[in-house]
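Below you'll find the structure, written out as structure tokens, and then a few comments.
Each ligand, and each atom within it, is numbered from 1 in the order the structure gives.
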Amino acid sequence: MNFRTIGRMGWKVSEIGYGMWGMGGWTGSDDAESLDSLQRSIDLGCNFFDTAWAYGNGHSEQLLGKTLRANAGKRLYVASKVPPKNRKWPSRREFSLDDCFPPDYIHEYVDKSRANIGVAALDLIQLHTWEDGWLDDSRLPRTIEQLRASGKVHAFGISLNRWEPWNGVRAVRSGLVDAVQVIYNIFDQNPEDELFPACREHKVAVIARVPFDEGGLTGTLTVDSKWPQGDWRNIYFVAENLKATVQRAEALKPLIPAGWTLPEVALRFILNNPDVSTIIPGMRKRRHVDANLGASDKGPLPEALYTHLRAHRWDRAPTRWSQ
Ligand SMILES: NC(=O)c1ccc[n+]([C@@H]2O[C@H](COP(=O)([O-])OP(=O)(O)OC[C@H]3O[C@@H](n4cnc5c(N)ncnc54)[C@H](OP(=O)(O)O)[C@@H]3O)[C@@H](O)[C@H]2O)c1
């Protein structure tokens, strides 16, 4: 496992971190399997874990707490998120700070997450949705300062809405945030346009999420893929998105060298970008942990393949099903 320095915090984090959404509530989750996968990741050098109160109303956080206690003495970095008060993902331009993150409510959820995970301080707390317009509300910088001064969080970050990397550039430039979490993968390369240069300039950490486009870039989906009732992927992969995603993933397959896999290439593609501090693939299975953490040892992609893959950029705009 290789490590990168994460933004101005100076922490050395594993370049493959751990995304903990699925184990909080996607159908097919099994706590014993999730805990085994988390432990395996630590044994292989992973030290950065991204969870959120919203991942199963604290359940994913509690699994992380168990894992931390089983690994006392190891420096493991904990990132969680405050859910928007109105429980609406993504946020919209017309939502106010009071709709989503009133100051008292932020404090309340920092305490909830600390209790759920069982830590005195969270390394990173992120707002689970974001609008750059909220910067105009002077209560927000005050709240962030109070949190840092309280010692309950070491760093403050924002998680940007899907396909809106522009809606975070002002926050990065404001100097207020230490980290941004953004979708970045072979399809979604648009954070490179404005967001990453701003992060570089202001030493803001980049947490690259959804490296597999929620499964599309694992190459395992077909136009007939369906998930059990209640699984949110039925909403994201509506027929029109599923068809387009499968077509685009199929177009990538001929580029994958013999003996390599699409998921491995998807992660290594992101490793090519030095602006990225850590990548957080979602994993619930030991075999996925083994494969994904192994991508770090294989390193960035050779230049020729990287260049070919860059042509598969897919610019998308938020729509009614995209969340
Ligand atoms: N708004 C936000 O802040 C937000 C939104 C979305 C995600 N996130 C964060 O980003 C993380 C990653 O995103 P995600 O989990 O939604 O999507 P993702 O990482 O793009 O995809 C996860 C899916 O890929 C599968 N997978 C993982 N490794 C694989 C491999 N080597 N081969 C084949 N399949 C593999 C997983 O299966 P198994 O689960 O069965 O192992 C899961 O179904 C989340 O867990 C969460 O921490 C944040």
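From the protein, the heavy atom lying nearest to atom 40 (O) of ligand 1 is K285 NZ, 2.6 Å. In this structure, the protein non-hydrogen atom closest to atom 5 (C) of ligand 1 is R209 NE, 3.3 Å. Protein heavy atom in closest approach to atom 12 (C) of ligand 1: I280 O, 3.0 Å. Of the protein's non-hydrogen atoms, the one nearest atom 24 (O) of ligand 1 is F212 CD1, 3.8 Å. Protein heavy atom in closest approach to atom 47 (O) of ligand 1: D50 OD2, 2.7 Å. At the top of the distance list for atom 30 (C) of ligand 1, counting protein heavy atoms only, stands H288 CD2, 3.4 Å.
With sequence neighbours left out, D30 forms a salt bridge (Lys or Arg N to Asp or Glu O under 4.0 Å) with no residue at all. Annotation: ring-ring contact (aromatic ring centres under 6.0 Å, His included) contacts of W134 (sequence neighbours excluded): F101, W130.
Checked for salt-bridge contact, R170 and D136 meet the test: a charged N lies under 4.0 Å from a carboxylate O. For the pair R93 and E164, the salt-bridge criterion is met [side-chain N within less than 4.0 Å of a carboxylate O]. The pair K81-D50 meets the salt-bridge criterion, since a charged nitrogen lies less than 4.0 angstrom from a carboxylate oxygen. Looking at D111 and R114, a side-chain N of the basic residue comes within less than 4.0 Å of a carboxylate O on the acidic one, giving a salt bridge. Using a cut-off of 4.0 Å between Lys/Arg side-chain N and Asp/Glu carboxylate O, E145 and R142 are scored as not salt-bridged.
For a threshold of 3.5 Å applied to N or O pairs, the pair formed by Y18 and ligand 1 contains no separation below that value. Distances between N or O atoms of G282 and those of ligand 1 include at least one value under 3.5 Å. By the 3.5 Å distance cut-off applied to N or O atoms, W21 is counted among the residues near ligand 1. Checked against a 3.5 angstrom limit, the closest N/O atoms of L160 and ligand 1 fall outside it. On a distance-only criterion, P263 and ligand 1 share no N/O pair closer than 3.5 Å.
Here Q126 has no heavy atoms under 4.0 Å from ligand 1, in either its backbone or its side chain. Residue contacts with ligand 1, taken as heavy atom pairs separated by less than 4.0 Å, involve V210 via backbone and side-chain atoms alike. At a 4.0 Å heavy-atom cut-off, ligand 1 does not touch R286 at all. Within the 4.0 Å heavy-atom criterion, both parts of P211, backbone and side chain, lie near ligand 1.
Using a 4.0 Å heavy-atom cutoff, W26 is listed among the residues neighbouring ligand 1. The shortest separation from a heavy atom of R233 to ligand 1 is under 4.0 Å, placing the residue in contact. A heavy-atom separation below 4.0 Å is found between Y55 and ligand 1. Judged by the shortest distance from any of its heavy atoms, N292 lies inside the 4.0 Å radius around the atoms of ligand 1.
Atom NZ of K85 has 12 or fewer heavy atoms from other residues, nucleotides or ligands within 6.0 Å. Taking a 6.0 Å sphere around CZ of R92, one finds it holds 12 or fewer heavy atoms contributed by other residues, nucleotides or ligands.
Taking the side chain as every heavy atom from C-beta outward, T129 and K88 never approach each other to under 4.5 Å. Using a 4.5 Å cut-off on side-chain heavy atoms (C-beta onward), S37 and Y18 make contact. Side-chain contact between P211 and L217 is absent, with no heavy-atom pair separated by less than 4.5 Å.
The option with the heavy atom closest to atom 17 (O) of ligand 1, from among R284, R287, E214, is E214. Of the listed options A295, A266, S159, S34, S159 places a heavy atom closest to atom 2 (C) of ligand 1.
Those atoms of ligand 1 with a heavy atom of P281 less than 4.0 angstrom away are 19 (O). The contact set between ligand 1 and T218, taken as ligand atoms under 4.0 Å from a residue heavy atom, comprises 24 (O), 33 (C), 34 (N), 35 (C). Listed by number with element, the atoms of ligand 1 under 4.0 Å from a non-hydrogen atom of G19 are 11 (C), 44 (C), 45 (O), 47 (O).
S159 and R209 share a donor-acceptor pair across their side chains, judged by distance under 3.5 Å alone.
V177 and F196 fall within a single hydrophobic cluster, where Ile, Leu, Val, Met, Phe, Trp and Tyr are joined by side-chain heavy atoms under 4.5 Å apart, directly or via other members.
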